[in-house]
Amino acid sequence: MSKTPSPKIIIAIDGYSACGKSTLAKDLSKKLGYAYIDTGAMYRAVTLFFLRNEVDFDSKTAVATALNKITIGFVNVKGKNRTLLNGEDVEEEIRKMYVSQKVSPVATISAVRRAMVAQQQKMGEQKGVILDGRDIGTVVFPKAELKLFITASPDIRTQRRFEEVQAKNQVSTFEEIKANLLERDHIDSSRADSPLKQASDAVVIDNSNLSKQEQLGMVKALVKERIKQVKKSSKR
Ligand code: DC
């Protein structure tokens, strides 16, 4: 008798800036063969477009016109996720400090959020996806089968981001990075539209003292358990 295939689920990973959500999501997507959607990269790509085209963030008309001219996509090049803005690979550019400094204000704009959320829901409708961001478990997929809320201490987050930035030979000081992370956390969690907050049914993981492997092991066990539950309930 052939084995029934495992049901596919949606995994929502939310949390503060630079707490390793995307590393976890990428590792998990390789293990499970699931698609990975980096929703922060989408807000970053919009921000880059706005900055390059000097779009006035405060003008509803200018924002709506700009959004109509933006297409965001993802491609996998040699096993690595790359973000495309109107067909251009902007993966490196969107991670630079001048984009990081403007992305949270752009992400407070409701028209921007509506456009991004609609696209994310479409990308995830077939399930078998992992999305990381700030509002995935609360707004984008409130019925996701597994929701994680990731956190780590500000100094540990800063140190990890500082090492990443140095490895890319970009110039930012520890203090500059820390100030940017804390400012984004503040804007992201206090905005009126879909603020960053823990979904009531999310599993919280503080990874300050966890290795990537330890965290991945914990999450893989959670995924296994959720898939089992989904299988069980679909048989009823
Ligand atoms: O994950 P990240 O640091 O690359 O995200 C950049 C910014 O985008 C973050 O400071 C807030 C915003 N964002 C958001 O508002 N909602 C999401 N689902 C993902 C990111």
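Just so you know, ligand 1 is whichever comes first in the structure, and atom 1 is the first atom listed for that ligand.
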Over 60° means perpendicular and under 30° means parallel, so classify the ring planes of Y16 and F149, tilted if in between. perpendicular
Quick one: list whatever passes side-chain contact (heavy atoms from CB on, under 4.5 Å) with S172, sequence neighbours left out. M97, V165, E176, I177
Can you tell if the side chain of K178 reaches within under 4.5 Å of the side chain of D155, non-hydrogen atoms only? yes
Check for a donor-acceptor pair, side chain of N180 on one end and backbone N or O of S100 on the other, with a separation under 3.5 Å. yes
Is the shortest distance from a Lys or Arg side-chain nitrogen in D185 or R157 to a carboxylate oxygen in the other one below 4.0 Å? yes
Could you pull out the N/O contacts under 3.5 angstrom between ligand 1 and the surrounding protein atoms?
from, atom 1, to, atom 2, distance (Å)
ligand 1, 1 (O), R134, NH1, 3.0
ligand 1, 3 (O), R44, NH2, 3.4
ligand 1, 3 (O), R134, NH2, 3.0
ligand 1, 3 (O), R184, NH1, 2.8
ligand 1, 4 (O), R44, NE, 2.7
ligand 1, 4 (O), R44, NH2, 3.4
ligand 1, 10 (O), S104, OG, 3.0
ligand 1, 10 (O), R184, NH1, 3.0
ligand 1, 10 (O), D188, OD2, 2.8
ligand 1, 15 (O), R113, NH1, 2.8
ligand 1, 15 (O), R113, NH2, 3.4
ligand 1, 15 (O), R191, NH1, 2.7
ligand 1, 15 (O), R191, NH2, 3.2
ligand 1, 16 (N), R113, NH2, 3.0
ligand 1, 18 (N), T39, OG1, 3.0
ligand 1, 18 (N), R134, N, 3.2
ligand 1, 18 (N), D135, OD1, 2.8

If we ignore angles and hydrogens, is there a donor and acceptor under 3.5 Å between the side chains of E125 and Q121? no
